[in-house]
There are 2 protein chains.
Amino acid sequence: MTSETPRRRLAPEVRRRQVLDAAVAVFSEEGFHGASMEAVAARAGVSKPLVYAHGGSKEELFAACLHREADRLLRSVQSAAGEPGDEPLVRLRRALRAFFHALTSRRDGWTVLWRQASTGPFAGEVDALRRRIVDQAADLVAGGLGLPRGAVVPYAHTLVGAAEGLAQWWLTSDDALDRTDPADALADMLVGVVGPGLAALTDTIAPSTAVSDQR
Amino acid sequence: MTSETPRRRLAPEVRRRQVLDAAVAVFSEEGFHGASMEAVAARAGVSKPLVYAHGGSKEELFAACLHREADRLLRSVQSAAGEPGDEPLVRLRRALRAFFHALTSRRDGWTVLWRQASTGPFAGEVDALRRRIVDQAADLVAGGLGLPRGAVVPYAHTLVGAAEGLAQWWLTSDDALDRTDPADALADMLVGVVGPGLAALTDTIAPSTAVSDQR
DNA sequence: ACCCTAACTACCGATGCGTAAAGTAGCCCG
DNA sequence: CGGGCTACTTTACGCATCGGTAGTTAGGGT
């Protein structure tokens, strides 16, 4: 606490980034209600009014954190999935790998998104984000198996939930994976568990539904 | 609002139950911070001091809700799983069926448990509950496949996450299942997805681990 | 040296937990 | 049927926390 930073003037853009980073950190630790604007200010090494100047109200600030992290996550997963022409299970594995990689490299962003935001005034926004991810998964599965999109939606939810569960284990347990790339290992585990079941899905539900029924 | 309940005297035990029911309802709708003690009192048709008399402080009240719902859920899943001697996949399917049934029949209890409590001062307690459920799943999987318990823990997390994801879809989407028993259908779907993968697990990780290494 | 504006200190008002005090009425018992 | 024990209500308030802002200070480019 000897660092009596003597009040530096910074460009608005830089300050805004600082404040947002601090907000993500604090929100991820304390939650939306638990975090105080003063805590955010302290974490950013800055005074409270400055947080208001750059982040707006508390809700606006939280929403900004949410959107930034959500965009990051979605973009990386989406770009990793690659072109629709590729092998389905390969695409799925790549997407999962990107997902786990994003989580591990940005832990607190993940926490803000899925744990803290699920309650309160942002449940709707988080559900929307989750829906976008589930939609990606549904596209992947439907495209890979040649099944109607509507029929695979519950399975997409299952898949995303499974990824969340595995991620939770990975982020909270202190067990180590004996692989050089943890995200790789996690993606392999998940594909190993759900891969066969998904592949067998064609026989399970295809007979009862028209394949051409694209929603 | 014409129901001017004319002030009934009740046994403490009954009142306590009333207050707890109201608390679960309000907490599930508004979250821990969003709910006010006065709202709980109003929902129970009772005055605020009485809520304090029977429920203690807000945190104690919430914790009581948490524990009651958690115990209910765990007990029903545990008893449904049945004896270790039975067929592994059958046990798993029974447990999942009980899980989904508990969710559907006690929606707000579920909401309190998993959505509202995951943040704030109760994250630890919810993690403990989740761990107990994961432990049950791990026992089921390890026992069924004859694998060391330590090796299946991540897969148990995956399984529980998958169940959560499917449950979320079932509780939020308005799609209907064309089965007489939704819990049955959900359990079937989940077993269909993860069953083959779990069964194949023996070949995947058994060679690299001693089977007798029970933790 | 000047002035714009980033940044700070200090404060207000609202909200909500928790409780105290005083009165009212249900229900058991004689 | 009547009296009293006590569960319950009403009302009011203390107190802490925290979101948000008004007025002041000082950094640094020109």
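Lettering of chains follows the sequences in order, A, B, ..., and the numbering in each one begins at 1.
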Legend entry - Rounded distance in Å - CZ (A:Phe27) to P (D:dC18): 13 Å

Legend entry - Length of the line joining A:Glu30:CD and D:dT17:P, which is rounded to integer Å: 14 Å

Inset, instruction - Round to a whole Å and report the spacing from OH of B:Tyr52 to P of D:dG14. - result: 17 Å

Legend entry - Short side-chain to backbone donor-acceptor contact, B:Arg107 and B:Leu171, under 3.5 Å: yes

Inset, instruction - Spell out, as yes or no, whether a donor-acceptor pair under 3.5 Å connects the side chain of B:Ser79 to the backbone of B:Ser76. - result: yes

Inset, instruction - Would you kindly give the CD-to-C1' distance between B:Glu59 and C:dG16, to the nearest whole Å? - result: 14 Å

Inset, instruction - Would you confirm whether the ring centroid of A:Trp110 sits within less than 6.0 angstrom of the ring centroid of A:Phe100? - result: no

Legend entry - Rounded distance (Å) that lies between atom P of D:dC18 and atom CZ of A:Phe32: 13 Å

Inset, instruction - Compare every heavy atom of A:Ala138 with every heavy atom of A:Arg149, then report the nearest pair and how far apart it is. - result: NH2-CB, 3.9 Å

Inset, instruction - Could you tell me the separation between the CD atom of B:Glu60 and the P atom of C:dC17, rounded to a whole number of Å? - result: 14 Å

Inset, instruction - Determine, for nucleotides 4-12 of chain D in 5'-to-3' order, which nucleotides have protein heavy atoms under 4.0 Å from the base (write B), from only the sugar-phosphate (write S), or from neither (write -). - result: --BBBBB--

Inset, instruction - Let me know the distance between CE of A:Met37 and P of C:dA7, rounded to the nearest Å. - result: 16 Å

Inset, instruction - Look at the side chain of A:Gln116 and the backbone N and O of A:Ser28, then say whether any donor-acceptor pair between them is shorter than 3.5 Å. - result: yes

Inset, instruction - Evaluate the salt bridge (Lys or Arg N to Asp or Glu O under 4.0 Å) criterion for residues A:Glu29 and A:Arg43: first the C-alpha distance (whole Å), next the side-chain angles of each, then the deciding distance (0.1 Å), finally the verdict. - result: CA-CA 12 Å; A:Glu29 290 168 10; A:Arg43 175 70 67 108; 2.9 Å; yes

Inset, instruction - List the atom of B:Arg16, the atom of B:Ala64, and the distance in Å for their closest heavy-atom pair. - result: NH2-CB, 4.2 Å

Legend entry - Between P of D:dT17 and NZ of A:Lys58, the distance in whole Å: 14 Å

Inset, instruction - Please name the pair of heavy atoms, one in A:Asp108 and one in A:Ala25, separated by the smallest distance, quoted to 0.1 Å. - result: OD2-CA, 3.9 Å

Inset, instruction - Classify the nucleic acid contact of B:Ala35 as base, sugar-phosphate or nothing, counting any heavy atom under 4.0 Å across all strands shown. - result: sugar-phosphate

Legend entry - Terminal axes of the helix from C:dA1-D:dT30 to C:dG30-D:dC1 (five pairs each): angle between them, nearest 10 degrees: 10°

Legend entry - CZ on B:Arg75 to CD on B:Gln78, rounded to 0.5 Å: 9.0 Å

